[in-house]
Colleague: 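Just dropping this structure here.
No experiment lies behind these values; they were computed from the predicted model shown. Letters go in sequence order (proteins before strands), and every chain restarts at 1.
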Protein chains: 2
Amino acid sequence: MDQTLRDQITDISKLSDEELSLLIAHAQNRQLKKGEILLHEGEVCRAFYLVEKGYLRTYYNKKGVQINLSFAFEGNFTANLKSIKNKQGSEFVIEAGEATMVWVFNIDAISVHFNTHPQFTLFVRRLAVRLLLASEEYSNLFKLYTPAERYQHIEKNNPQLLQRISLSQMASYLGVARETLSRIRGKNH
Amino acid sequence: MDQTLRDQITDISKLSDEELSLLIAHAQNRQLKKGEILLHEGEVCRAFYLVEKGYLRTYYNKKGVQINLSFAFEGNFTANLKSIKNKQGSEFVIEAGEATMVWVFNIDAISVHFNTHPQFTLFVRRLAVRLLLASEEYSNLFKLYTPAERYQHIEKNNPQLLQRISLSQMASYLGVARETLSRIRGKNH
DNA sequence: AACCACCTGTGATAAAAATCACAATCGGTA
DNA sequence: TACCGATTGTGATTTTTATCACAGGTGGTT
């Protein structure tokens, strides 16, 4: 039943069966409706999230306009690491893009076991490095490529993203106007 | 003599005196002339670098045009973490922006001690998280701000950068043409 | 001082993208 | 089927930025 959950955790870092069970015992299950917010702006993030069904969208609210920063689909983790690490209010919002089921791993609950289970420390740090490397990869798109090249990069390296989210959401993610992305897409026929 | 070196390391993660000495024993000192390359394109990065004097510039070579990605000044670490982690050739070049003195911490040399000195593992991971969070912070400039806002953000949060590097280097770092940055700067009088 | 390499400012023009406006399409539903 | 809301395509226009060209300026070196 929660075998996939176990697989997704051990994909980050190997844990003993006992440690796995202990970690999972701390995971809380949450059901979110489309548009429901998991982490509010200004709220300190105290957990990382694993998506079981649906997807989570992270965005920045710039004067009422939402700028998409990341998407996490089935089997992927997400969090606001800056907020967690610095214990500061989140600049970003994490919300459900569809009806979504997530596992919530509360950091405080887990950190209680850091001394007795050093593998937990490793797991959390590996997860952080993985999330941050992915974030760096994505953000280099903006430094190194033009809007059209960014779209082609997604087409090539992350095509499932195009199936799951609307053109408008993708335009915000790629940092271009919806109309511009529509024209880019038209050119590539 | 190397008290500042010790301080810069313990700023990342606390180590015992013995561990500090062991770590420092693995650090190699390198002198670089202006323009000398520390990490070549295609080379696998196997170390992290601590700048003692001068500065290191990381850039991406796009069809002969250098696009600046980061600068590390006195007391700061840098590396190509993606290359280290995935053991893949670096897409980026790290070179000295001035006559520069660096401490080179070879990962393989240090990892030998990971089992006997778990604090080394922690140190490396903390360093990685710090570098990646800084990288994320910087890259959000591109998603969230216009060129003029980016420049003002640097003026406010990192003014020493403007003292140390030329307008041309800064323009490449901010992702705008040199002329555009000159005009932005003119407007802010 | 004379020279040179490099950097910066600025005008003119071209290219790219944003914005505005509106028509067309698609799904779900009464 | 007819309606409604959300999404997408597309033309016209404006705004922003890049590109090109060139004129100072600066600092180091001989």
Side-chain angles (χ1 to χ4, degrees), chain A residues 33-36 54-55 57 59-68 71 95-100 141-155 159-189, chain B residues 33-36 54-55 57 59-68 71 95-100 141-155 159-189:
Chain A
K33 296 191 184 113
K34 176 174 178 172
E36 201 173 340
Y55 74 88
R57 175 170 69 97
Y59 63 85
Y60 175 76
N61 195 317
K62 186 177 187 183
K63 299 167 193 162
V65 181
Q66 298 180 357
I67 301 178
N68 291 334
F71 298 92
E95 75 168 51
E98 304 173 345
T100 298
L141 284 179
F142 291 86
K143 269 311 284 290
L144 310 179
Y145 303 131
T146 64
E149 288 171 331
R150 282 175 227 158
Y151 180 73
Q152 285 150 14
H153 190 275
I154 297 288
E155 262 188 326
Q160 73 280 18
L161 195 53
L162 301 173
Q163 313 307 130
R164 290 293 291 271
I165 67 171
S166 71
L167 179 139
S168 308
Q169 295 290 347
M170 178 58 74
S172 163
Y173 183 65
L174 293 179
V176 294
R178 178 185 65 75
E179 296 92 331
T180 303
L181 184 57
S182 172
R183 285 175 181 121
I184 287 170
R185 191 159 77 169
K187 289 246 172 69
N188 293 11
H189 73 159
Chain B
K33 296 191 183 113
K34 176 174 178 170
E36 203 172 339
Y55 74 88
R57 176 170 68 97
Y59 63 85
Y60 175 75
N61 196 318
K62 186 177 187 182
K63 298 167 193 164
V65 180
Q66 297 180 358
I67 301 179
N68 291 333
F71 299 92
E95 76 169 50
E98 306 173 346
T100 298
L141 285 179
F142 291 86
K143 270 311 285 289
L144 310 179
Y145 304 130
T146 64
E149 288 172 330
R150 282 175 227 159
Y151 180 73
Q152 286 149 13
H153 190 275
I154 298 288
E155 262 188 326
Q160 72 279 19
L161 196 53
L162 301 174
Q163 314 306 130
R164 289 293 291 273
I165 67 170
S166 71
L167 179 138
S168 308
Q169 295 291 348
M170 178 58 75
S172 164
Y173 182 66
L174 292 179
V176 294
R178 178 185 66 73
E179 296 92 331
T180 303
L181 184 57
S182 173
R183 286 174 180 122
I184 287 170
R185 190 157 79 168
K187 290 247 172 69
N188 293 10
H189 72 159

Colleague: In whole Å, what is the span from the CZ atom of A:R183 to the C1' atom of D:dT10?
Modeller: 6 Å
Colleague: What is the distance, rounded to the nearest whole Å, between atom CD of A:Q169 and atom P of D:dT8?
Modeller: 9 Å
Colleague: According to a strict under-4.0 Å criterion, is B:T180 in side-chain N/O contact with OP1 or OP2 of D:dT17?
Modeller: no
Colleague: Under 3.5 Å, is there a donor-acceptor pair between the A:E95 and A:Y59 side chains?
Modeller: yes
Colleague: Please report the distance, rounded to the nearest Å, between NZ in A:K62 and C1' in C:dA18.
Modeller: 13 Å
Colleague: Whole angstrom is fine here: how far is it from CD in B:E179 over to C1' in C:dA15?
Modeller: 14 Å
Colleague: Both B:R178 and A:G175 contact DNA chain C. Taking the nearest nucleotide for each, which residue is further toward the 5' end?
Modeller: B:R178
Colleague: Let me know the distance between CD1 of A:I184 and C1' of C:dA18, rounded to the nearest Å.
Modeller: 12 Å
Colleague: Pick out which of B:K34, B:R164, B:K33 makes a salt bridge (Lys or Arg N to Asp or Glu O under 4.0 Å) with B:E98.
Modeller: B:R164
Colleague: From A:Y55 OH over to A:L161 CG, what is the distance, rounded to the nearest 0.5 angstrom?
Modeller: 9.0 Å
Colleague: Would one find a side-chain N or O of A:S182 under 4.0 angstrom from OP1 or OP2 of D:dG9?
Modeller: yes
Colleague: OP1 or OP2 of D:dT8 sitting under 4.0 Å from any side-chain N/O of A:S168?
Modeller: yes
Colleague: NZ of B:K34 versus P of D:dG27: gap in Å, rounded?
Modeller: 14 Å
Colleague: Nearest-Å distance, CD (A:E149) to C1' (C:dA17)?
Modeller: 15 Å
Colleague: Scan B:S166 against the nucleic acid and name what it touches under 4.0 Å (heavy atoms): base, sugar-phosphate only, or nothing.
Modeller: sugar-phosphate
Colleague: Rounded to whole angstrom units, what separation is found between the CG atom of B:L167 and the P atom of D:dG24?
Modeller: 20 Å
Colleague: Is the shortest heavy-atom distance from the side chain of A:Y145 to the side chain of A:H153 under 4.5 Å?
Modeller: yes
